[in-house]
Amino acid sequence: PNVTWTSSDETVVKVEQNGMITALKAGSATITASYGSLSATCEVTVNETAAISQHPEDVSVPVGESASFSVSATVPATAYQWQTLDADSTWKDITGANSDTYTITSATIAQNGSQYRCVVTAAGGEELISNPAMLTVYEETEITKQPENASAIEGRAARFSVTASG
């Protein structure tokens, strides 16, 4: 049988004479198969290619401060799952971290050097994985001993010292 295939919009979907289609750009087209006086149609929807458009960035905060990581995609997302890299170099899901932003409310020194990434599920079901971002947590430096007042003789050096921690 000699079936003829056509697309209502060849800029969106190209159809070969064997019925094989090629998606060219986002949009919709009607595919028609004709044989003599008979025909059948189906609608084909081509979704935009999904990609991460904003990857999380490294964050540096003092102990006790909050740290946030964000991600966004070129298409609507149906799910987000933040992960952290464990000591065995395995990415593990973070319970409850299911939005486009993950916030650590009070960073600890134990979290220093931790890496975070997000798995984004696009509307078409495709899973996108962001680049990892690193958390740097540091202790704020504070002066624990102030320098003492001193006198100096003109043309001679005087020594001052300070003690700091952190």
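Quantities reported herein were computed from a predicted structural model and do not represent experimental measurements.
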Mind checking whether [X] and [Y] sit in one hydrophobic cluster, side chains of I, L, V, M, F, W, Y counted as touching below 4.5 Å?
{"X": "Tyr80", "Y": "Ile52", "value": "yes"}
{"X": "Leu135", "Y": "Tyr138", "value": "no"}
{"X": "Ile94", "Y": "Ile104", "value": "yes"}
{"X": "Val120", "Y": "Trp91", "value": "no"}

Do Thr103 and Ser68 have side-chain atoms, one donor and one acceptor, less than 3.5 Å apart?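 Judged by distance alone, the side chains do pair up.
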Do Asp88 and Thr90 have a side chain donor and acceptor closer than 3.5 Å?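 No pair is found: no donor N or O on one side chain lies under 3.5 Å from an acceptor on the other.
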Is it the case that over 12 heavy atoms from other parts of the model lie below 6.0 angstrom from the CD atom of Glu57?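 For Glu57, atom CD is not crowded (no more than 12 foreign heavy atoms under 6.0 Å).
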Check whether more than 12 heavy atoms from other residues, nucleotides or ligands sit under 6.0 Å from atom CD of Gln17, and answer yes or no.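 Counting other residues, nucleotides and ligands, CD of Gln17 exceeds 12 neighbours.
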Would a distance-only check, ignoring hydrogens and angles, find a side-chain to backbone donor-acceptor pair under 3.5 Å from Thr136 to Ser60?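 Not a single qualifying donor-acceptor pair exists.
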Identify the two heavy atoms, one from [X] and one from [Y], that lie closest to each other, and give their separation to 0.1 Å.
{"X": "Pro56", "Y": "Asn131", "value": "CG-O, 3.4 Å"}
{"X": "Val75", "Y": "Ala50", "value": "CG2-CB, 3.5 Å"}
{"X": "Asp9", "Y": "Ser28", "value": "CB-O, 4.3 Å"}

Residue pair Lys25, Val46: steps toward the side-chain contact (heavy atoms from CB on, under 4.5 Å) verdict: CA-CA 7 Å; Lys25 70 175 186 178; Val46 178; 6.0 Å; no
Which class fits the ring pair Tyr116 and Tyr102: parallel under 30°, tilted 30 to 60°, perpendicular over 60°?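 Correct class here is tilted.
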Does [X] reach the side chain of [Y], with side-chain heavy atoms less than 4.5 Å apart?
{"X": "Asp93", "Y": "Thr95", "result": "no"}
{"X": "Glu65", "Y": "Ser106", "result": "no"}
{"X": "Gln115", "Y": "Thr84", "result": "no"}
{"X": "Val44", "Y": "Ile21", "result": "yes"}
{"X": "Glu126", "Y": "Thr121", "result": "no"}
{"X": "Ser130", "Y": "Phe69", "result": "no"}
{"X": "Gln54", "Y": "Val71", "result": "no"}
{"X": "Thr108", "Y": "Val137", "result": "no"}

Does the side-chain contact (heavy atoms from CB on, under 4.5 Å) test come out yes or no for Val119 and Gln83, once each step is laid out? CA-CA 8 Å; Val119 178; Gln83 299 178 323; 3.6 Å; yes
Which value, rounded to the nearest 0.5 Å, describes the distance between Gln81 atom CD and Ile129 atom CD1?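 Here the interatomic distance stands at 11.5 Å.
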Met134 CE to Ser114 OG distance, which is reported to the nearest 0.5 Å: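 That separation rounds to 8.5 Å.
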Verdict with reasoning, Val15 to Met20, per side-chain contact (heavy atoms from CB on, under 4.5 Å): CA-CA 6 Å; Val15 62; Met20 179 71 70; over 6 Å; no
Salt-bridge test for Lys14 and Glu16: reply yes if a basic N is under 4.0 Å from a carboxylate O, no otherwise.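 Salt bridge: yes.
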Check against side-chain hydrogen bond (donor to acceptor under 3.5 Å, both in side chains), Thr101 and Ser70: CA-CA 4 Å; Thr101 301; Ser70 296; 3.1 Å; yes
Candidate pair Ser53 and Ser72, rule side-chain hydrogen bond (donor to acceptor under 3.5 Å, both in side chains), full reasoning: CA-CA 6 Å; Ser53 56; Ser72 59; 3.2 Å; yes
Please walk me through it: do Val13 and Ile31 pass side-chain contact (heavy atoms from CB on, under 4.5 Å)? CA-CA 8 Å; Val13 177; Ile31 303 299; 3.8 Å; yes
